[in-house]
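So that the names make sense, note that chain A is the first sequence line, chain B the second, and so on, each numbered from 1.
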There are 2 protein chains.
Amino acid sequence: MGKKEKQFVAEITPMEVDFAQWYTDVILKTDLVDYSPVKGFMVIKPYGYAIWENIQQYMDKRFKDTGHKNCYFPLLIPESLLQKEAEHVEGFAPEVAWVTHGGKEELAERLCVRPTSETIICEMYSRWLKSYRDLPFLYNQWCSVVRWEKSTRPFLRTSEFLWQEGHTLHETYDEAQEETLRMLEIYKQTAEELLAMPVVTGQKSEKEKFAGAYATYTMEALMHDGKALQAGTSHNLGQHFTTAFNITYLDRDGELKNPYHTSWGVSTRLIGGLIMVHGDNRGLVLPPRVAPTQVVIVPIAAHKGGVMERTMELFSELKNSYRVELDDRENYSPGWKFNEWEMKGVPIRVEIGPKDIENGQAILFRRDTLEKETVALEDLSGRVQTLLDEIHNNMLYKAKMMRDEKTYYVNNFEEMKELMKTKPGFVKAMWCQERECEDKIKEGTGITVRCLPFEQEKLGDTCAFCEKPAHKMAYFAKAY
Amino acid sequence: MGKKEKQFVAEITPMEVDFAQWYTDVILKTDLVDYSPVKGFMVIKPYGYAIWENIQQYMDKRFKDTGHKNCYFPLLIPESLLQKEAEHVEGFAPEVAWVTHGGKEELAERLCVRPTSETIICEMYSRWLKSYRDLPFLYNQWCSVVRWEKSTRPFLRTSEFLWQEGHTLHETYDEAQEETLRMLEIYKQTAEELLAMPVVTGQKSEKEKFAGAYATYTMEALMHDGKALQAGTSHNLGQHFTTAFNITYLDRDGELKNPYHTSWGVSTRLIGGLIMVHGDNRGLVLPPRVAPTQVVIVPIAAHKGGVMERTMELFSELKNSYRVELDDRENYSPGWKFNEWEMKGVPIRVEIGPKDIENGQAILFRRDTLEKETVALEDLSGRVQTLLDEIHNNMLYKAKMMRDEKTYYVNNFEEMKELMKTKPGFVKAMWCQERECEDKIKEGTGITVRCLPFEQEKLGDTCAFCEKPAHKMAYFAKAY
Ligand SMILES: [Zn+2]
Ligand SMILES: [Zn+2]
């Protein structure tokens, strides 16, 4: 390790020493994000926002390909609307920001800054829906939401975050259920195919489900520190809201009916997830398909004859197919640049100097394995394409290995508590699904049911914790 | 005019009868937008939002091509930050929404929902900027903003709207001025090349400039009713904010200096503009490059053998190159569909029936001129491309003609007042640029200085209104 590399690495606390500090060091030093003057609110800097734009672009296309359209609903929601669905208001009222004044005038009714938009959207849907012919409603919204949080961490939990929220209406329960699972599957594909982040999918417990939902489905990812991250949720809302908001339609049989309802969302939290799944002690390791810069070109001995010329040619060529940066800063050494771009997690670095040009080649360095290879200049663009795919596949594979290593089975509560102290991770166990049992597990340990996975394993007939009959296996973990 | 057509048209108040009602009828009946339960806040429905997405996509590319990056700053701004620049707080304080409570707790300091983000962004820039090497800062944000308005109209003036706001820092005044004008030029190109909406560009008067700006530049479009619409503004903010927020950098000469600053924005107001420039008594006429649906295919006698088959083939073919809808609804007649899609302003309609198929042809109907042409099926896709361009060019040309017809010269105040009563439009006149004169013109007439245009004409040496010396010609109008 050279002197400069040591200096860079020294700026990032090793994750084994203090994982939370490692995370903070990485997000701040790589310019993803910054704290703002309002406690709990973050500024997403260009490097972080570009990741979000790539996520948006991928997902928005998937949403549209499955028939959804975007729209925009108001930021502010009247208090009376929030109160229309009882469980919902109970769930969200403690964490909403209230607007009480417009200009110098006090408002007759308080308005909350949307924590999520079910209520305002249902109010509008009740005006729009007339006939079964209008169904399904398949709408989505990209926006920011505000939830007043006491303890925050950029991307993972902040008082404001960016997200998308889909809200759909259907004629039948089955169609709503199908939609709920279809969108969860798109989320899973986003996690795995775009972010190289493996996830477990399944259903939330009654305690952990969305306020007002009939059933909530989730995808859960495991972070380097053995804690789980709820990375996206999809809710079958049944007729709870459509009844409360009096959304009706004239059905084929001439009867007025309440439609079935779903909502689903992912947020900038995904960025926190990919950092904590892929990052290492040198900093970020960005999945190639969302990396704002996929390839950085660093010329060596740039002042020597022909180097900048050939570098510029290469830059022009690669720019047509990839997101490429040319680092031609004169006041930094190549070594400095190497370390900075490694910290920023750029998947591929191209090094090109006088000797390389003589030999008609360049060096490719890959961030995920830290390996170098020499490639003929005429093959370079093609090799970058295959290498980006290789890096993606390797990152997904490594993350799966990491997760599997940190996934355990237990037979009782004591085993689980002991494990969580020494080797935190996912715990699989048979579970009775009773609220009392769930509360007891969480109390004092912070361990929660992450989900009842779709992929079940039959480990026994009784709950590992209370010995009541159990029909399902659940995933347990400490979670963000 | 057939019976059904009459029925459709009857639903839209003719613009000559009541322009404001015509606008309201059009935006509601074409499903662009809806009112929300919160007074002054609108819901942008999918058909309206898709227009905004097309505007965003075009502009975002232009911003990135000129070196700008996107980021995201918090929605809520502490009151103390808003107060740091005196003119700014005076301009915006009367129209901001105040958050006073988070959950159940009263906040120690009120937070305003951003009316614009200069203050919070300057606060962050003051932390980020260190050296001249960091300059320029070229950042943009897509978001919603809230300004408490007493009198609102969807897209034109609402208490919440969607927009983009660019915020840049530069070493020199000249660079900032160059940036200010560069972005105004991109706005003008967006208006004309994307929206087919001609604009006059120029500088705002001292009275009309942005609160805290050194100089504000604007693009102004003329609506069908002879009123002007400020469609986008670009501000040279000088060092007002960078001084107030203590943004400094270490310059090449080792001195600490305040950078120069710009901001610029356009909003969903552009949608209101294109409606009022292009629409007619049948409804919307959408510019082809932003129309959510560029081509609608309506099969005639769809039940007859081969019609749906050939229609589907055509649909598949056109879908590769254009935004196309196939209207295969069985419970509506072709006539009904024609009228509905005309109202919704779709640029091209393709009609295809048994006889057309026999003759290997289809009918193309263009919304802007209401003309039909017969085209051989094998030439259809190519013809659609040229026709979309022809429609764009024709719409821009017609809008220019309309504007020029409604643009007048006056020599005194009486002439202007008389004109505005009988033939509202743009009025060109020499003007002294004094605040007192400007106030007198506005008082009782509502006529404002729209801009001192870049394209000047020398009409005389004295102000047409107060006879003081005048060096500039200005545009005057009533405005939205
Ligand atoms: Zn149990
Ligand atoms: Zn005057």
Option in [options] with maximal non-hydrogen atom pairs under 4.5 Å from chain A:
| options | answer |
| --- | --- |
| Leu162(B), Thr158(B), Asn140(B), Leu111(B) | Leu162(B) |
| Gln141(B), Arg147(B), Lys64(B), Arg110(B) | Lys64(B) |
| Asn70(B), Thr100(B), Ile120(B), Val38(B) | Asn70(B) |
| Leu107(B), Ile77(B), Asp31(B) | Leu107(B) |

*Taking 4.0 angstrom as the limit, do Glu105(A) and Lys150(B) come out as a salt bridge?*
yes

*Would you call Lys39(B) and Glu109(A) a salt bridge, using N to O less than 4.0 angstrom?*
no

_Heavy-atom count check: over 12 atoms from other residues, nucleotides or ligands less than 6.0 Å from Glu90(A) CD?_
no

_Counting only heavy atoms from other residues, nucleotides and ligands, does the tally under 6.0 Å from CD of Gln57(B) exceed 12?_
no

Non-hydrogen atoms of chain A under 4.5 Å away: do they reach the side chain of [X], the backbone, both or neither?
| X | result |
| --- | --- |
| Trp52(B) | neither |
| Arg133(B) | side chain |
| Ile121(B) | neither |
| Glu53(B) | side chain |

Closest non-hydrogen atom pair, [X] against [Y]:
| X | Y | result |
| --- | --- | --- |
| Leu75(A) | Val146(B) | CD2-CG2, 3.8 Å |
| Tyr35(A) | Arg127(B) | O-NH1, 3.5 Å |
| Ile44(B) | Cys71(A) | O-CB, 3.0 Å |
| Val43(A) | Pro74(B) | CG2-CD, 3.7 Å |

Is there side-chain contact between [X] and [Y], with heavy atoms separated by less than 4.5 Å?
| X | Y | answer |
| --- | --- | --- |
| Pro46(A) | Tyr139(B) | yes |
| Tyr47(A) | Lys69(B) | no |
| Trp98(A) | Val99(B) | no |

*Please assess Tyr72(B) against Glu160(A) for the test side chain to side chain contact (heavy atoms under 4.5 Å, CB included), listing each intermediate value before the final yes or no.*
CA-CA 11 Å; Tyr72(B) 188 76; Glu160(A) 183 190 15; 2.5 Å; yes

_Region of Val33(A) that comes under 4.5 Å of a non-hydrogen atom in chain B_ = neither

*Lys104(B) to Trp148(A), cation-pi by 6.0 Å centre distance and 45° axis angle*: no

*asked:* Is it the case that the side chain of Glu123(B) and the backbone of Pro37(A) share a donor-acceptor pair, with hydrogens and angles ignored and the cut-off at 3.5 Å?
replied: no

